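Following: one structure in structure tokens, then a few remarks.
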Amino acid sequence: MRILAFLFQLLPILMVGVVLHYVLPQHDIVRVVNTYQERQDLNDWTRIFWSDPSPQSATLVNRDVQFIQTVRKKTFLLGFIQRDTTEVMVYRNEDTGWGWPFYFKFDTASLQTEADDLRSTPENPKWALITHYGWRNGYFSAFPNAIAIRPVSSPDETVIPWFNIVFFVIVIFLIGMVRAMWFQFRERMIDPAMDAAGDRMDIAQARMDARRSRMRRWFDSWKPKDRR
Amino acid sequence: MIAFLKLIFFGLVGLSIVYLSLSVFSASLRRERLEKEYDADPVPGQTRDDYVETGMAAYRTSMRPKLLLLVYVVPVAIWGGIVYVINTN
């Protein structure tokens, strides 16, 4: 039972973690194989895995989406530990516009051109670093969205996730700030108000007691002396 | 365009909430410090309230409340930086 309660408390943290894992940028070392463009149906719940490049696109039932097909280096632990094996990965390439998630990406066409420029064969590979967010899921036809691509000299390039580091530092700072503000608010506003209310309660209570004891004395005056 | 205006509007609303709460927080910290200063070392010929009010008047004309306007400047600058970096090759 205690375990269940603990897991239940963990749930909000888990949900925030899942959203952050979807939304924050991640880096992959890839070799671009090909790019293509395909009509996508967007009228069921898997719509949440596609972007809203502009407000008018929100109502479209289907539209063309650009894709980047790659072979990428597999990794462990959110990309921190590289492995020698590779796997195929297909990225979508869509504008995010001014909306969620806040990448403000408008250069889809340029990114597609850059990806085309980096195409290479297994015999003569050109490795590139692709920044993306989102998940690949074959069952739901979900693709991560490519944000940027740049060539790298070797497939073992170490990548430092500067954006994520700064992001989490800012988040921790903001949590500390909100905590300090809440404590100050409680100390200066809520506690004095509660004290004042408590004082008034005490005064009322004392008055009630005094009145009761007067009543009691009066009642007692009617009783015979030995039963007072 | 509508998405852009929506972002601007909700961004401004959010930043204004942050700015107002920070202003109240900062003023409250200063007031508490002034009160503690007076309690530790009362100024002869000046009541506690007078001491605190003079201190708060000095605070309002000081640099710190103006620095809080950076709440608007910094996020907008970061936002501009992100838009620029993402869309240049």
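Note that this is a predicted model, so its numbers are computed, not measured. By convention in this document, chain letters (A, B, ...) are assigned in the order of the sequence lines, proteins followed by strands, and residues within each chain are numbered from 1.
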Side chain to side chain contact (heavy atoms under 4.5 Å, CB included) between A:Met177 and B:Leu22, intermediate numbers included
CA-CA 9 Å; A:Met177 211 53 198; B:Leu22 265 183; 3.6 Å; yes
Side-chain touch A:Leu42/A:Val61, heavy atoms, less than 4.5 angstrom:
no
Please examine the side chains of A:Phe168 and A:Leu24, heavy atoms only from C-beta on, and report whether any two atoms are closer than 4.5 Å.
yes
Those residues of residues 65-72 of chain B that come under 4.5 Å of chain A on a heavy-atom basis, listed by number, are none
Report yes if some heavy atom in the side chain of B:Leu34 is under 4.5 Å from a heavy atom in the side chain of B:Tyr51; otherwise report no.
yes
Check whether A:Met189 gets within reach of chain B through its side chain, its backbone, both or neither, counting any heavy atom under 4.5 Å.
neither
Yes or no on side chain to side chain contact (heavy atoms under 4.5 Å, CB included) for A:Ile29 and A:Leu129, after CA distance, side-chain angles and deciding distance?
CA-CA 5 Å; A:Ile29 303 283; A:Leu129 178 75; 3.8 Å; yes
Between B:Leu29, B:Val85, B:Val24, which shows the greatest number of heavy-atom pairs under 4.5 Å with chain A?
B:Leu29
List the steps and the verdict of side chain to side chain contact (heavy atoms under 4.5 Å, CB included) for A:Leu118 and A:Ile149.
CA-CA 9 Å; A:Leu118 287 165; A:Ile149 191 166; 3.8 Å; yes
Could you look at B:Ile8 and say if it's the side chain, the backbone, both or neither that has a heavy atom under 4.5 Å from chain A?
neither
Flag yes if more than 12 heavy atoms outside A:Met194 fall under 6.0 Å of its CE atom; otherwise flag no.
no
Give, as side chain, backbone, both or neither, the part of B:Leu7 having an atom under 4.5 angstrom from any heavy atom of chain A.
side chain
Apply side chain to side chain contact (heavy atoms under 4.5 Å, CB included) to residues A:Phe143 and A:Phe49 and explain how you reach the verdict.
CA-CA 7 Å; A:Phe143 299 89; A:Phe49 294 120; over 6 Å; no
Can you check whether chain A and chain B share any donor-acceptor pairs under 3.5 Å, and give the atom names and distances if they do?
{"residue": "B:Ser28", "atom": "O", "partner": "A:Gln184", "partner atom": "NE2", "Å": "3.4"}
{"residue": "B:Ser28", "atom": "OG", "partner": "A:Gln184", "partner atom": "NE2", "Å": "2.8"}
{"residue": "B:Glu32", "atom": "OE1", "partner": "A:Gln184", "partner atom": "NE2", "Å": "2.9"}
{"residue": "B:Glu35", "atom": "OE1", "partner": "A:Arg188", "partner atom": "NH1", "Å": "3.1"}
{"residue": "B:Glu35", "atom": "OE1", "partner": "A:Arg188", "partner atom": "NH2", "Å": "3.4"}
{"residue": "B:Glu35", "atom": "OE2", "partner": "A:Arg188", "partner atom": "NH2", "Å": "3.2"}
{"residue": "B:Asn87", "atom": "OD1", "partner": "A:Phe106", "partner atom": "N", "Å": "2.7"}
{"residue": "B:Asn87", "atom": "OD1", "partner": "A:Asp107", "partner atom": "N", "Å": "3.3"}
{"residue": "B:Asn87", "atom": "ND2", "partner": "A:Phe104", "partner atom": "O", "Å": "2.8"}

